[in-house]
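Have a look at the structure below, then the notes.
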Amino acid sequence: MKLKFLGHSCFLVSAGKYSLIVDPFLSGNPGAAAKPGEIDATHVLVTHGHDDHIGDAVEIAARCGSTVYATVETAGRFPKSASVEVGQIGGFVASDFGGVKFTAAAHGSGIAGGLACGFLITIEGKKIYHAGDTGLIADMGLLEYERIDVALLPIGDRFTMGPRDAARAVGMIKPKIVIPMHYDTWPIVAQDPELFRKAVEDSGDARVVVLRVGGEFEF
Ligand code: NI
Ligand code: MN
């Protein structure tokens, strides 16, 4: 299984015949590692309706015929012709690759009446948690039970957790591996991921893997 960091909060999960893209913010991100037209995705997951997350999701899903995972409100941003698996926080949707659980996030959705979410992806027996945009919330403690292999956590601060709160989140979630995201895209979310690494590894909670944009992690 391979996880590729395409920049900001966008990751591509590749496993066998499946390729899942989460929060494909590519054409609006000058530092992205791919153009939307280069993406081949069987599934597109969107945590919320802010442009730096929904990004190119509608276009990619339409071109690839991907199945979309989104809350009911975010799903409303896709055309009727799109294949969308809707859910809400706490809900699990089974899929032929495993499934997707919608997890709590403390953040606006960018869509009236909607909630932002994260995703817990089960694929090939592994669990990947993409937190979306969120502050530190006690609900993250509930994720320890899930025995997460890889957690993708925002560290940019201002709009989400910063490095210190994200390190506290790691202590609550207890994943094996944690990869920081949602930082350095713009000066207002500039962070040194090495400080996050040090904060996490000093407490011994998990291994931190810092991916450069375009970098890959296999597990
Ligand atoms: Ni947001
Ligand atoms: Mn964001």
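Remember, it's a predicted structure, so these values are computed and weren't measured experimentally. Counting starts at 1 for both ligands and their atoms, in listed order. Just so it is clear, the values below take in all heavy atoms, side chains as well, and ignore hydrogens, waters and symmetry mates.
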Measure the shortest side-chain to side-chain distance between Asp149 and Ile128 over non-hydrogen atoms and say whether it is less than 4.5 angstrom.
no

*N/O/S atom of His53 inside 2.8 Å of the Ni ion (ligand 1), strictly under*: no

Could you state whether Val46 and Phe102 fall into the same hydrophobic cluster, counting links through intermediate Ile, Leu, Val, Met, Phe, Trp or Tyr residues with side-chain heavy atoms under 4.5 angstrom apart?
no

Looking at His50, the N/O/S atom that lies nearest to the Ni ion (ligand 1) is called ND1

Among N, O or S atoms, Asp133 approaches the Ni ion (ligand 1) most closely through OD2

Practice prompt. Using atom types as modelled and distance alone, determine if a side-chain donor or acceptor of Thr160 lies under 3.5 Å from a backbone N or O of Asp133.
Written response: no

Notebook entry, point to check: When the aromatic ring centroids of His8 and Phe25 are compared, is their separation below 6.0 Å?
Noted result: yes

Practice prompt. Could you tell me whether the Mn ion (ligand 2) has an N, O or S atom of His107 under 2.8 Å away?
Written response: no

With a cut-off of 2.8 Å, does Asp52 place any N/O/S atom under that distance from the Ni ion (ligand 1)? no

Which atom of Asp52 is nearest the Mn ion (ligand 2), counting N, O or S only? It is OD2

Exercise for the section: Give the cluster check for Met161 versus Leu120: same hydrophobic cluster or not, with ILVMFWY residues linked at side-chain heavy-atom distances below 4.5 Å. Expected result: yes

Assess the side chains of Asp56 and Ser27: does a donor N or O sit below 3.5 Å from an acceptor N or O? yes

If I take every N, O or S atom of His182, is at least one of them less than 2.8 Å from the Mn ion (ligand 2)? yes

Atom name of the N, O or S atom of Asp133 nearest to the Mn ion (ligand 2) is OD2

